[in-house]
Amino acid sequence: MITCVRGTRDILPDEIHLWHLVERESAAIFDRYGFEELRLPIFEVTELFARGIGDTTDIVEKEMYTFTDRNDQSLTLRPEGTASLVRAYIQHQLYKDGGTRKLYYAGPMFRYERPQKGRYRQFYQIGAEVLGPDSPGVEAEVIDMLMLLMDRLGIGDTRLWINSIGCPACRPAFLAVLQEREQAAAGRLCADCVRRIAANPLRVLDCKNPDCQDTINSLPSILDYLCAPCRSHHERLKKHLGLLGIAYHENPRMVRGLDYYVKTTFEITSGALGAQNSLLGGGRYDGLVEQLGGPPTHGFGFALGLDRFVLALPEAVRAGSRPVPDVHLAPLGETAQELAQVVAARLRRAGFAVSQDFQDRSLKSHLRHANRLGVPRVVIIGDAEAEAGQAALKSLITGDQILVPLTELEAVLRQQPAEKE
RNA sequence: GUGGGUAUAGCUCAGCUGGCAGAGCACUGGAUUGUGGCUCCAGGUGUCGUGGGUUCAAAUCCCAUUACCCACCCCA
């Protein structure tokens with residue numbers, strides 16, 4: 001048997017309505033905030049990601065699906081969406097079309113990682129980006145949009161974490177101090193931390209080893225080393241969040257895995273997810289457009305993990321049943337099948353969701369089947385009905401049954417809408 | 001890349017110190033010649049993940065391997 005490859009999965013009809021729900025709500029809410037969708041290719045030239053994400057990040061160093069096509073060009077299945085979006089923004093000169101562009105995308109991303117709860121090699125993201133303005137108000141607006149989305153989906157038990165990781169003007173000085181202090185404290189840190197001191201001193205702050213926590217807490221905070229513009233930006237963001245009544249946790253130890261972030265970074269975690277508890281994450285990337293060959297442009301955005309949103313949906317929503325037809329046709333015999341087919345076509349054109357059973361089964365079997373489907377009403381057409389040009393319309397909720405001329409079925413169904421379960 | 005756990009029917013899982021392959025759910029038919037749900041009866045079609053080994057005999061014990069799950073790591 002051939003199965004889907006490791007880290008990929010089939011999303012079956014039982015689950016897909018949850019995905020539709022998240023996709024529908026996201027699109028509706030993003031639209032309300034003025035975001036426009038664009039669709040991006042699933043693979044790009046490898047260089048785009050190396051330059052955009054940073055070629056020393058884990059993603060680029062060891063997680064990309066890179067291959068050579070028949071023209072010996074190095075291509076990569078996209079591991080994230082922002083680089084592609086910015087490429088499109090530059091390629092089509094969207095910056096010439098007004099000051100601010102608000103764009104969003106959705107689709108599969110690919111990273112070669114060990115699969116785990118909420119982590120797959122092909123996973124799905126919806127991301128939105130605001131290109132143009134530098135305002136903390138934009139950041140608060142985007143976060144507000146996400147709060148509304150999660151509220152609409154019933155996703156609770158979440159926390160918003162914010163941080164500022166400074167900018168090229170202030171971060172290098174902080175990193176130098178941090179590294180120095182970490183080296184001095186190396187004796188009290190775990191082996192992983194010691195290794196990170198040289199490789200990526202920021203990562204030490206993110207260590208979860210309980211024995212390291214006291215030491216890490218004594219390390220300097222980036223927030224104390226921000227330059228004046230960064231500090232002001234951060235304070236204004238907090239003020240805007242306060243105005244919107246959005247609760248946040250400031251976390252100077254939060255670190256992002258992509259090189260392009262500056263100033264504001266944020267993340268929303270969920271208690272419903274397990275170890276991979278990040279529902280979404282994002283931040284500001286003021287230098288990225290320029291770095292990829294565009295004009296100097298401010299950028300702010302996020303990506304949300306669709307797989308994780310679906311996992312975090314509350315039980316009440318998850319338990320929601322699949323959509324069921326409005327009416328089920330149960331024809332008995334060949335003549336009745338033919339009649340029913342025509343009836344089904346007519347009812348569908350009239351807007352009803354109709355299922356017709358083409359299996360030659362007993363009436364009892366038809367009804368049992370309809371009952372399992374949760375269909376509220378069944379149209380029974382047997383020999384007697386067929387001859388008289390009628391059908392028996394039975395409600396599976398009340399058990400009532402009436403004879404209706406086939407030509408009037410549509411009108412009767414419309415007049416007496418049945419309550420679904 | 002590193003750990004731990006799991007793998008038996010469509011699904012969820014029992015199956016003990018080796019001895020005929022099981023249950024519940026689901027599905028099909030019947031009890032009711034054309035009326036569902038509740039109840040009762042009947043119905044299994046499975047390379048016991050894969051490959052070796054031990055044994056008279058392996059789902060069970062041993063070795064290897066693959067996949068899945070969870071965690072580290074990293075991130076959405």
Side-chain angles (χ1 to χ4, degrees), chain A residues 1-9 12 14 22 53 57-63 78-82 106-127 146 190-193 195-196 199-200 203 206-209 254-258 265-270 273-283 301-312 328 330-333 336 359-386 392-401 421:
Chain A
M1 182 174 52
I2 296 176
T3 59
C4 61
V5 308
R6 180 159 214 204
T8 70
R9 61 188 174 139
L12 300 178
D14 269 347
V22 176
I53 300 169
T57 57
D58 279 4
I59 293 176
V60 172
E61 270 190 340
K62 48 190 191 194
E63 295 177 1
R78 61 183 183 188
E80 60 110 40
T82 301
M109 306 293 163
F110 305 85
R111 292 182 202 170
Y112 188 90
E113 292 186 275
R114 194 80 168 256
Q116 201 179 317
K117 185 182 177 73
R119 188 171 76 185
Y120 306 94
R121 289 181 174 178
Q122 175 174 337
F123 60 104
Y124 296 82
Q125 287 189 335
I126 301 177
L146 291 166
C190 69
D192 279 338
C193 281
R195 185 172 48 78
R196 292 184 191 117
N200 190 341
R203 280 261 160 253
D206 211 27
C207 181
K208 278 133 198 151
N209 188 328
M254 183 174 67
V255 170
R256 308 256 82 214
L258 292 80
T265 59
F266 75 104
E267 184 169 330
I268 293 177
T269 57
S270 161
L273 288 184
Q276 307 303 314
N277 65 354
S278 180
L279 272 175
L280 62 92
F302 67 87
L304 70 81
L306 201 38
D307 311 76
R308 293 181 186 177
F309 260 62
V310 169
L311 269 177
H328 182 74
L332 306 169
Q359 291 185 65
D360 191 24
R361 57 209 317 180
S362 67
L363 178 56
K364 175 208 292 274
S365 168
H366 271 302
L367 288 171
R368 190 181 306 174
H369 184 64
N371 191 61
R372 295 243 167 79
L373 288 177
V375 182
R377 288 183 293 193
V378 179
V379 170
I380 303 163
I381 305 176
D383 291 338
E385 290 87 355
L393 175 61
K394 181 184 176 75
S395 164
L396 290 187
I397 295 163
T398 63
D400 295 342
Q401 185 171 326
E421 290 282 314

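Predicted, not measured: the structure shown is a model, and the values here were computed from it.
- Counting any heavy atom pair closer than 4.0 Å across all strands shown, A/A384 reaches a base atom.
- B/C48 and B/G5 are spaced 24 Å apart, taking the P atom of each and rounding to whole Å.
- At a cut-off of 3.5 angstrom, the base of B/U35 holds no donor-acceptor pair with the side chain of A/K364.
- Listed nucleotides: B/G30, B/A76, B/G3. Nearest to the side chain of A/R114: B/G3.
- Projected onto RNA chain B by closest heavy-atom contact, A/L304 and A/L273 fall at different nucleotides, the more 5' of which corresponds to A/L273.
- In this structure, of B/C72, B/G34, B/G29, it is B/G29 that holds the atom nearest to the side chain of A/S365.
- Nucleotides B/C62 and B/C72 place their C1' atoms 30 Å apart, quoted to the nearest Å.
- Across the C1' atoms, B/A26 and B/A64 are found 37 Å apart, a figure rounded to whole Å.
- Among B/G29, B/G34, B/A71, the nucleotide with an atom closest to any side-chain atom of A/E385 is B/G34.
- Considering only side-chain atoms of A/R6, the nucleotide from B/A76, B/C68, B/G36 that sits closest is B/C68.
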Query - Chi angles and distances behind the side-chain contact (heavy atoms from CB on, under 4.5 Å) call for A/R114, A/Y112 - result: CA-CA 7 Å; A/R114 194 80 168 256; A/Y112 188 90; over 6 Å; no
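- Here the CG atom belonging to A/L363 is positioned 11.0 Å from the CZ atom belonging to A/R368, to the nearest 0.5 angstrom.
- Among B/G30, B/G34, B/C74, the nucleotide with an atom closest to any side-chain atom of A/D383 is B/G34.
- Of the listed nucleotides (B/A76, B/G30, B/G34), B/G30 has the atom at the smallest distance from the side chain of A/S362.
- Side chain A/E113 to base B/G1: no donor-acceptor pair is found below 3.5 Å.
- Comparing B/A9 with B/A59, their C1' atoms sit 14 Å apart, to the nearest whole Å.
- Both distances falling under 3.5 Å, in either a Watson-Crick or a G-U wobble arrangement, place B/G1 opposite B/C72.
- Taking the P atom of each, B/G46 and B/U8 are spaced 15 Å apart, rounded to whole Å.
- Taking a pair to require two hydrogen-bonding distances under 3.5 Å in either a Watson-Crick or a G-U wobble arrangement, B/G34 remains unpaired.
- The closest side-chain heavy-atom distance from A/R377 to A/V379 is not below 4.5 Å.
- Contact of A/N371 with B/G37 (side chain to base): no donor-acceptor pair of N or O atoms is detected under 3.5 Å.
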**Report entry** Verdict with supporting geometry, A/R308 and A/R119, side-chain contact (heavy atoms from CB on, under 4.5 Å)
**Finding:** CA-CA 8 Å; A/R308 293 181 186 177; A/R119 188 171 76 185; 4.2 Å; yes
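- Checking the phosphate oxygens (OP1, OP2) of B/C70, no side-chain nitrogen or oxygen of A/Q116 falls inside 4.0 Å.
- Nucleic acid contact class of A/G274 (heavy atoms, under 4.0 Å, all strands): sugar-phosphate only.
- The local environment of CG in A/D383 is sparse, with at most 12 non-hydrogen atoms from other residues, nucleotides or ligands closer than 6.0 Å.
- Of all nucleotides listed (B/A76, B/C69, B/U35), B/A76 comes nearest to the side chain of A/Q125.
- Interface remark: the A/Q276 side chain does not form any donor-acceptor pair with the B/C70 base, using a distance-only criterion of under 3.5 Å.
- Evaluation of atom-type donor-acceptor distances gives no pair under 3.5 Å for the side chain of A/R372 against the base of B/C27.
- Per the geometry, CG belonging to A/L393 stands 18 Å off P belonging to B/U35, to the nearest Å.
- When each of A/R121, A/R9, A/K117 is tested with A/D307 by the rule salt bridge (Lys or Arg N to Asp or Glu O under 4.0 Å), just one qualifies, namely A/R9.
- Comparing B/U50 with B/A58, their C1' atoms are spaced 16 Å from each other, to the whole Å.
- When the C1' atom is used for both B/U55 and B/A14, the distance is 26 Å, rounded to whole Å.
- Of the C1' atoms belonging to B/A57 and B/G18, the separation is 8 Å, rounded to the nearest Å.
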